Amino acid sequence: MTTLGEIRERAAAYQQDYVRDLERIVNIDSGTFDKEGVDRAGGFLRDLLAGIGCEIAVHPNSDLGDNFTATLRGSGSRRLMLLGHFDTVYPAGTVAERPFTVRDGRGYGPATMDMKGGLILGYYALRILRDLGFDDFAEITFVANSDEEIGSPTSRALIESEAQRMDAVFVLEPGRANGGVLATRKGVGMYELVVHGRAAHAGAAPHEGRSANLELAHKIIALHELNNPDTGTTVSANVMRGGSRRNVISDHASVEVDVRVPTRTEAERVHAAITEIAARQWVPDTETILTGGLNRPPMEKVPGTDALLNLAREIVEGLGFQYQELTSGGGSDGNFTAAIGVPTLDSLGPVGQNAHSVDEWVDLTTVPERLTLVTALLMRAPKRP
């Protein structure tokens, strides 16, 4: 059996190559709605994976970037999946302002952490398997998508379809600590309430108006009361709009609401409560239209998750780090795979900080250990119960 030391030695030997390829993909603008840029970034990753023998299948989109799968075939029976996205939150032109740079062991630049660092790490994990001649798997499929940052509307079906036959899924989102592994995330809900009232002159005939702003204010207070620190449920009214002029009773108002829930049961409870708040009327003769719902189901443990966590602990401690089981209030595409019952580990990419900001960075010194972790997981992951 290949030892962790042998894997880590190969991982360390690829450090310069890793940084070179990370620089190349980071320096491609690939904001979600920039189809040309997203497809360039996806094409770069596809070329890397094809170069080590992966079978490529492109799933084209007309507006957003093309999604794809890259499959490595083996001689064993296990079916495993790597998962990551190559779209970013940064608009075209960001790379010209802030290209990839290395300072004090950190790689700076747009999406170095979230999550181009993880994508390149996944490629090198497969490359190490090829170097070692390891093929004790039926397939390892790398699912790479172009729209995670907006909720994966075009790629969710692909992710779930590929995941259904897998024994385990490994998500390459950024790591939080060198010994950290994540197996649970909150579900994410996105709602909008639009209130219709009746306009009237605010000075001459206010009694004839029906204030949409006032109705919405009552609803926002009721929504805030759904927050529950004990369960970890959060409900945040974050974008509000209303009215047209200072001297006109508002006839329209709206609010965009972010919801985070730890379990499917809690998601159902909160959805029912939001529906009731939307239907309730504080200001007579107003009407409220509710849209939206749960975008990402909660990522919960399923049969087989604990076995993967135990394996991760063994690998992490074998590398000399303190194991940490993490959780997150943010969602990822791993929420989808866990929700259909597939054991999923997340945040396996290199450690970084400041995602979605001008100071985003990835700690390049963590790459050898994180690469060893992912490679060893692929080599040792058990079959699904």
Side-chain angles (χ1 to χ4, degrees), residues 4 76-85 115 118 121-122 125 136-143 148 152 156 159-188 231-233 260-268 294-319 321-349 351 370 372-385:
L4 289 178
S77 60
R78 299 173 306 134
R79 300 181 185 277
L80 306 170
M81 182 167 142
L82 294 173
L83 180 56
H85 65 90
M115 61 171 292
L121 188 140
D136 184 20
F137 51 86
E139 68 173 275
I140 300 175
T141 295
F142 198 142
V143 179
E148 190 271 352
S152 308
R156 177 175 180 173
I159 291 166
E160 292 174 335
S161 175
E162 292 292 328
Q164 284 177 346
R165 67 178 187 278
M166 297 296 170
D167 292 303
V169 174
F170 301 115
V171 187
L172 299 167
E173 290 281 358
R176 316 296 174 81
N178 226 344
V181 178
L182 187 149
T184 56
R185 289 180 180 270
K186 291 182 182 180
V188 181
T231 63
T233 294
R260 307 288 166 136
V261 285
T263 65
R264 189 176 291 273
T265 299
E266 184 69 355
E268 293 170 354
L294 196 69
N295 170 257
R296 296 185 189 276
M299 181 181 178
E300 301 181 79
K301 292 182 180 180
V302 301
T305 303
D306 284 335
L308 289 182
L309 287 171
N310 290 336
L311 174 59
R313 176 192 288 273
E314 177 185 320
I315 296 167
V316 165
E317 292 179 348
L319 289 168
F321 292 94
Q322 182 177 352
Y323 171 80
Q324 300 179 56
E325 183 181 331
L326 307 172
T327 189
S328 176
S332 85
D333 288 329
N335 289 54
F336 299 137
T337 61
I340 62 173
V342 184
T344 301
L345 296 186
D346 204 336
S347 291
L348 296 172
V351 176
R370 301 301 284 181
T372 302
L373 171 61
V374 172
T375 306
L377 285 169
L378 292 171
M379 295 178 76
R380 303 178 185 181
K383 287 185 67 68
R384 185 170 161 185

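The figures here come from the full heavy-atom set of this structure, side chains too, leaving out hydrogens, waters and symmetry mates. What you see is a predicted model, and the numbers here were worked out from it, not measured in a lab.
Rounding to the nearest 0.5 Å places CG of L294 at 9.5 Å from CD of E268. Here CG of L373 is found 5.5 Å from CD1 of I315. Values are rounded to the nearest 0.5 Å. For the atom pair CG of L378 and CZ of F137, the computed distance is 8.5 Å after rounding to the nearest 0.5 Å. Taking CD from E148 and OG from S332, the interatomic distance works out to 6.5 Å, rounded to the nearest 0.5 Å. Taken from CG in L4 to CD in E314, the straight-line distance is 8.0 Å, to the nearest 0.5 Å. A distance of 12.0 Å separates CZ in R384 from CG in L80, rounded to the nearest 0.5 Å.
Scanning all heavy atoms of the two residues, the minimum distance from L345 to A312 falls at CD1-CB, 4.2 Å. What you find for V351 and A177 is that their closest heavy atoms are CG2-C, 3.6 Å. Between V261 and A267, the shortest heavy-atom distance links the atoms CG2-CB, 3.6 Å. Scanning all heavy atoms of the two residues, the minimum distance from A339 to R264 falls at CB-NH2, 3.6 Å. Residue M115 comes nearest to P174 through the heavy atom pair CB-CD, 4.2 Å, listed as atom of the first residue, atom of the second, then distance. In terms of heavy-atom proximity, L326 sits nearest to G180 at CD1-CA, 3.8 Å.
By the 4.5 Å heavy-atom criterion applied to side chains, D136 and M379 are not counted as neighbours. Side chains of D306 and L309 form a contact here, defined as non-hydrogen atoms less than 4.5 Å apart. Counting heavy atoms from C-beta outward, V143 and T141 have side chains that approach closer than 4.5 Å. Residues M299 and T344 meet the side-chain proximity criterion, which asks for heavy atoms closer than 4.5 Å.
Of the residues listed (I340, V169, L83), the one engaging I159 in a side-chain contact (heavy atoms from CB on, under 4.5 Å) is L83, and it is the only one. Only one option out of T337, V171, V181, L172 pairs with D346 in a side-chain contact (heavy atoms from CB on, under 4.5 Å); it is V171.
The backbone N or O of T327 lies less than 3.5 Å from no partner atom in the side chain of R185, so there is not a single donor-acceptor pair. The backbone N or O of S347 lies less than 3.5 Å from no partner atom in the side chain of R176, so there is not a single donor-acceptor pair. Panel note: side chain N335, backbone G331; no donor-acceptor pair is recorded below 3.5 Å. Panel note: side chain D167, backbone R79; a donor-acceptor pair is recorded below 3.5 Å. Remark: the backbone N or O of G349 is paired with a side-chain donor or acceptor of R370 at under 3.5 angstrom.
Between the side chains of T233 and T231, at least one donor-acceptor pair of N or O atoms lies under 3.5 Å.
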Salt bridge (Lys or Arg N to Asp or Glu O under 4.0 Å), that's the test. Do K301 and E325 meet it? Break it down for me. CA-CA 12 Å; K301 292 182 180 180; E325 183 181 331; 2.8 Å; yes
Residues N178, V316; criterion side-chain contact (heavy atoms from CB on, under 4.5 Å); working and verdict: CA-CA 8 Å; N178 226 344; V316 165; over 6 Å; no
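Sorted by first and then second residue, the salt bridge (Lys or Arg N to Asp or Glu O under 4.0 Å) pairs involving residues 326-341 (not counting sequence neighbours) are R296-D333.
Ionic pairing of E160 and R156 is present here: one or more N-O contacts between side-chain nitrogen and carboxylate oxygen are shorter than 4.0 angstrom. The existence of a salt bridge linking E139 and R165 is confirmed by a sub-4.0 Å separation between a basic side-chain nitrogen and an acidic carboxylate oxygen.
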